[in-house]
Amino acid sequence: MKRLPRIEQYGLIGDTQTSAHVCDDGSMDWLCLPRFDSPAVFAGLLGTQKHGSWQIAPTSSGKLDERQYRGDSLVLESLWRTPTGSVRVLDLMPPREGAPQVIRVVEGLTGVVEMVSAMRPRPGYGSVSPWIHEVEGRMVAVAGADALWLDTCVPQAEKDGVVVSSFAIGAGQSVAFVLSWCPSHTAAPNIPDPEAALAETLAFWQDWTQECTYDGPYREAVVRSLIALKAMTYGPSGAIVAASTTSLPEEIGGNRNWDYRFTWLRDASTTLAALLGTGYRQEAQAWRRWLLRAVAGDPENLQIMYGITGERDLRERELPWLPGYEGSAPVRVGNEAADQLQLDVYGEVIETLYLAHRSGVAHCADTAVLHQRLIEHLAQRWQEPDEGIWEIRGARRHFVHSKVMAWVAVDRTIRLAEAGALDVDPAPLVELRTAIHREVCAKGFDPVRNTFTQSYGSQELDAATLLIPQVGFLPPSDPRVIGTVDAVRRELSTPDGLVRRYPTLGARTGEDGLKGDEGAFLLCSFWLVDGLALTGRLDEARCLFERLLALRNDLGLLAEEYDPVQQRQLGNFPQAFSHMGLIQSAQLLQQMATQSSRRHGAVPVPAPRSTSHSTRQPTADLTPQHA
């Protein structure tokens, strides 16, 4: 039985409809077909190899020497050196309109190397042993509605539910394996041309990354993060998943294990802000169309997440036959948080519509109607308690971040109305904006500790309050902002400066309704980078940012969290939130450095600005006149 590698030992390949996770030992341990949210056909990541995997590696004791993505693409290259020679394995998934395909190409570089391919398909998240047989020289695994076809030029044989190919490869030779999915009742898929598919895949990613407008000192990290975000976009609908995995734990052995293969309005909105800030408008237009379809004229019952084609029923269940990653059970599919009330979502959605307008995305009358109905509904509900950004499973509370984002929703609506881009009367909204601001400052601020708190009357802190200056609720120079940044840094930071979301209580049930602990939250750590930069501590911000860059794996990927004690990544992987935070912090640091240079070395304290951190269009001063 193979011991599970660390999360960061995996690389990602994908076709903008689903993705696969490939370990540095050559084993593909996670693959959902045909979509991100489909049942996995390889689920070894959440159990053992018997739950599904596909390994291609030398049979000798050779070791992986290096791996990387080929240029600015999602084509993964792994180089193996053995006592008899060296080989390279290319892993890719061609972007497609029809059936999904995984292509793995073994290339001989020097000498002669004995190789083995062992594919163990287990549909239904590792619960089903398929019927494996040969059809006209092709191997096919059939289970219910699914059929997996494996094509290669070397002999294949089935043994105990595993499709095995053993072969020797010499310098200058290549052997391709192509795994294709199709419904089991349809005709077999065509056998693709691996060489042509490789060229088309490289061209797709090259063309896409050339649209990036960021040209700062962290371009490599930004482009790699943009590729990760694009890989988590479901091309046919424009939806963006929070992550392409489920149930990777926030604590090894713990039960904070959730399914992230859905589209959170919050995550998608902030991800699109990062994409808009780096020149990608097409994604914003596609997401806006998805939003209109998902909400479907029913903003009064707005969900905080939907399926990737707008599904509303995301009921949560557990898969008891999977032991979980390193015994972290339960494994969950679906997510009951879809039924929660999270008032901040209104702010994130409207902020994205505002940013899209400012970035030149064409006006849409249907979106304007939706926007008006959202703000009308928020005006009626903003004083209610909710579950907040962190989706607590305890009692609802008046979360400060939720109220601040309600303020953002109203503020951006006013700005669009004043610009003539939205047909609403701004006068009553100005009064509402003032009322929200006054209440948050009165009930959500602790004057003794000089910090905003997690919720009204709470003593706990919340890293989400770091967003207060970024969204323009208060200017960075305000003592309350500086005090909040310092308090979060003091009370929620780990010894190496990373940031936790909020305090957890270990074995006791905390106010979030859960037991156990979790790692440092990487997005929150990027928020601290931004907070330090905005409050004039640019050198400290840059130092923390580069420390966070060093936490990426060798392929530039980040999970949701990081365990500073065991020094390993935690949570679903890769995580859109983490890569979005990286992009926006890189943009902000570049903007601040440019402003500082123009002022002859003086670090500026700029006016509050939009969460996009756009360096292309300076944001108007959002400082509340009633602060």
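Position 1 is the first residue of the sequence; numbering continues from there.
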*Asks:* Working to the nearest 0.5 angstrom, can you tell me the gap between Ile583 CD1 and Cys212 SG?
*Replies:* 8.0 Å
*Asks:* Return yes if some donor-acceptor pair links the side-chain N/O of His579 with the main-chain N/O of Leu557 below 3.5 Å, else return no.
*Replies:* no
*Asks:* Do any N or O atoms from the side chain of Arg332 and from the backbone of Asn257 form a donor-acceptor pair under 3.5 angstrom?
*Replies:* yes
*Asks:* Check side-chain contact (heavy atoms from CB on, under 4.5 Å) between Val424 and all other residues, then give those that pass, not counting sequence neighbours.
*Replies:* Gln372, Thr413, Ala417, Leu422, Leu429
*Asks:* Identify, with sequence neighbours excluded, every residue that meets side-chain contact (heavy atoms from CB on, under 4.5 Å) alongside Ile482.
*Replies:* Asp486, Thr535, Arg537
*Asks:* What are the two closest non-hydrogen atoms of Asn450 and Pro479, and how far apart are they?
*Replies:* ND2-O, 3.3 Å
*Asks:* Just how far is it from atom CG of Leu291 to atom CG of Leu302, taken to the nearest 0.5 Å?
*Replies:* 8.0 Å
*Asks:* Look at the aromatic rings of Tyr260 and Trp264 and report parallel, tilted or perpendicular, splitting at 30° and 60°.
*Replies:* perpendicular
*Asks:* I would like to know whether Glu311 and Thr309 meet side-chain hydrogen bond (donor to acceptor under 3.5 Å, both in side chains); could you show each step before the answer?
*Replies:* CA-CA 6 Å; Glu311 297 88 345; Thr309 53; 2.5 Å; yes
*Asks:* Between Glu387 and Arg397, is there a salt bridge with N-O shorter than 4.0 Å?
*Replies:* no
*Asks:* Taking the side chain as every heavy atom from C-beta outward, state whether Val295 and Tyr306 have any atom pair closer than 4.5 Å.
*Replies:* yes
*Asks:* A side-chain contact here means heavy atoms from C-beta on lying under 4.5 Å apart; do Pro503 and Leu492 qualify?
*Replies:* yes
*Asks:* Looking at every heavy atom in both Pro564 and Thr494, which two are closest together, and how far apart are they?
*Replies:* CG-CG2, 3.9 Å
*Asks:* Considering all heavy atoms of both residues, which atom of Gly388 and which atom of Asp344 are nearest to each other, and what is their separation?
*Replies:* C-OD1, 4.1 Å
*Asks:* Taking the side chain as every heavy atom from C-beta outward, state whether Glu250 and Arg501 have any atom pair closer than 4.5 Å.
*Replies:* yes
*Asks:* First locate atom CG of Leu461, then atom OG1 of Thr484, and finally report the distance between them rounded to the nearest 0.5 Å.
*Replies:* 8.0 Å
*Asks:* Any donor-acceptor pair under 3.5 Å linking the side-chain atoms of Asp530 with those of Ser585?
*Replies:* yes
*Asks:* For Thr434 and Val430, indicate whether the former's side chain and the latter's backbone hold a donor-acceptor pair under 3.5 Å.
*Replies:* yes
*Asks:* Could you please spell out the steps behind the side-chain contact (heavy atoms from CB on, under 4.5 Å) verdict for Arg552 and Leu582?
*Replies:* CA-CA 11 Å; Arg552 299 178 301 155; Leu582 185 156; 4.0 Å; yes
*Asks:* If we ignore angles and hydrogens, is there a donor and acceptor under 3.5 Å between the side chains of Gln340 and Arg396?
*Replies:* no
*Asks:* Just to verify, what does Tyr234 make a ring pair (Phe, Tyr, Trp, His ring centres under 6.0 Å) with, not counting sequence neighbours?
*Replies:* none
*Asks:* For Ser578 and Ala559, indicate whether the former's side chain and the latter's backbone hold a donor-acceptor pair under 3.5 Å.
*Replies:* yes
*Asks:* If you count heavy atoms of other groups shown closer than 6.0 angstrom to CG of Asp423, is the number above 12?
*Replies:* no
*Asks:* Only counting residues at least two apart or in another chain, list the ones meeting ring pair (Phe, Tyr, Trp, His ring centres under 6.0 Å) with Phe521.
*Replies:* Trp390
*Asks:* Could Arg500 and Glu491 be called an ion pair, given the rule that one side-chain N must be under 4.0 Å from one carboxylate O?
*Replies:* no
*Asks:* Is there a ring pair (Phe, Tyr, Trp, His ring centres under 6.0 Å) between Tyr456 and Phe399? Walk through the geometry before answering.
*Replies:* CA-CA 7 Å; Tyr456 292 174; Phe399 286 99; 9.8 Å; no
*Asks:* For Arg288 and Thr367, which heavy atoms make the closest approach, and how far apart are they?
*Replies:* CD-OG1, 3.2 Å
*Asks:* Any luck finding a side-chain donor-acceptor pair between His398 and Lys403 under 3.5 Å?
*Replies:* yes
*Asks:* Determine whether the aromatic ring centres of residues Trp208 and Tyr280 are separated by less than 6.0 angstrom.
*Replies:* yes
*Asks:* Is any side-chain heavy atom of Val529 closer than 4.5 Å to one of Leu589?
*Replies:* yes
*Asks:* Leu353 versus Val361: any side-chain heavy-atom pair under 4.5 Å?
*Replies:* no
*Asks:* In Å and rounded to the nearest 0.5 Å, what is the CG to CG distance from Asp259 to Asn572?
*Replies:* 7.5 Å
*Asks:* Please lay out, stage by stage, how Glu546 and Tyr218 fare under the test side-chain hydrogen bond (donor to acceptor under 3.5 Å, both in side chains).
*Replies:* CA-CA 9 Å; Glu546 292 178 355; Tyr218 303 109; 2.8 Å; yes
*Asks:* Show your working on side-chain contact (heavy atoms from CB on, under 4.5 Å) between Leu265 and Ile304 and close with a plain yes or no.
*Replies:* CA-CA 6 Å; Leu265 297 185; Ile304 59 99; 5.9 Å; no
*Asks:* Can you name the nearest heavy-atom pair linking Ala221 to Leu549, along with the distance?
*Replies:* CB-CD2, 3.9 Å
*Asks:* With sequence neighbours left out, which residue pairs that include part of residues 224-242 fulfil the salt bridge (Lys or Arg N to Asp or Glu O under 4.0 Å) condition?
*Replies:* Lys230-Glu283
*Asks:* Indicate yes or no for a side-chain donor-acceptor contact from Arg281 to the backbone of Ala356 under 3.5 Å, with no hydrogens or angles considered.
*Replies:* no
*Asks:* Less than 4.5 Å apart, any side-chain heavy atom of Tyr354 and any of His371?
*Replies:* no
*Asks:* Is the backbone of Leu343 close enough, under 3.5 Å, to the side chain of Asp386 for a donor and an acceptor to pair up by distance?
*Replies:* yes
*Asks:* Is any side-chain heavy atom of Asn335 closer than 4.5 Å to a side-chain heavy atom of Phe262?
*Replies:* yes
*Asks:* Please check if the side chain of Gln569 supplies one atom and the backbone of Leu551 the other of a donor-acceptor pair under 3.5 Å.
*Replies:* yes
*Asks:* I'd like to know if the side chain of Glu561 reaches the main chain of Gly519, judged simply by a donor and an acceptor atom lying under 3.5 Å from each other, with no hydrogens or angles considered.
*Replies:* yes
*Asks:* With no hydrogens and no angle check, is any side-chain donor or acceptor of Glu460 less than 3.5 Å from a backbone partner on Thr453?
*Replies:* no
*Asks:* Using salt bridge (Lys or Arg N to Asp or Glu O under 4.0 Å), reason through Glu540 and Arg489 one step at a time and then give a plain yes or no.
*Replies:* CA-CA 12 Å; Glu540 295 176 58; Arg489 196 180 190 189; 2.6 Å; yes
*Asks:* If you round to the nearest 0.5 Å, how far is CZ of Arg293 from OG of Ser237?
*Replies:* 6.0 Å
*Asks:* If you measure from CD1 on Ile350 to CZ on Arg412, what distance do you get to the nearest 0.5 Å?
*Replies:* 10.5 Å
*Asks:* Looking at every heavy atom in both Pro385 and Leu341, which two are closest together, and how far apart are they?
*Replies:* O-CD2, 3.5 Å
*Asks:* Any ion pair linking Glu384 and Arg381 (charged N to carboxylate O, less than 4.0 Å)?
*Replies:* yes
*Asks:* Is there a side-chain contact between Val499 and Trp527 (heavy atoms, below 4.5 Å)?
*Replies:* no
*Asks:* With sequence neighbours left out, which residue pairs that include part of residues 582-596 fulfil the salt bridge (Lys or Arg N to Asp or Glu O under 4.0 Å) condition?
*Replies:* none
*Asks:* Taking Met305's backbone N and O only, do any of them form a donor-acceptor pair with Gln303's side chain (distance below 3.5 Å, no angle check)?
*Replies:* yes
*Asks:* Would you say the side-chain atoms of Trp287 and Gln282 include a donor-acceptor pair closer than 3.5 Å?
*Replies:* no
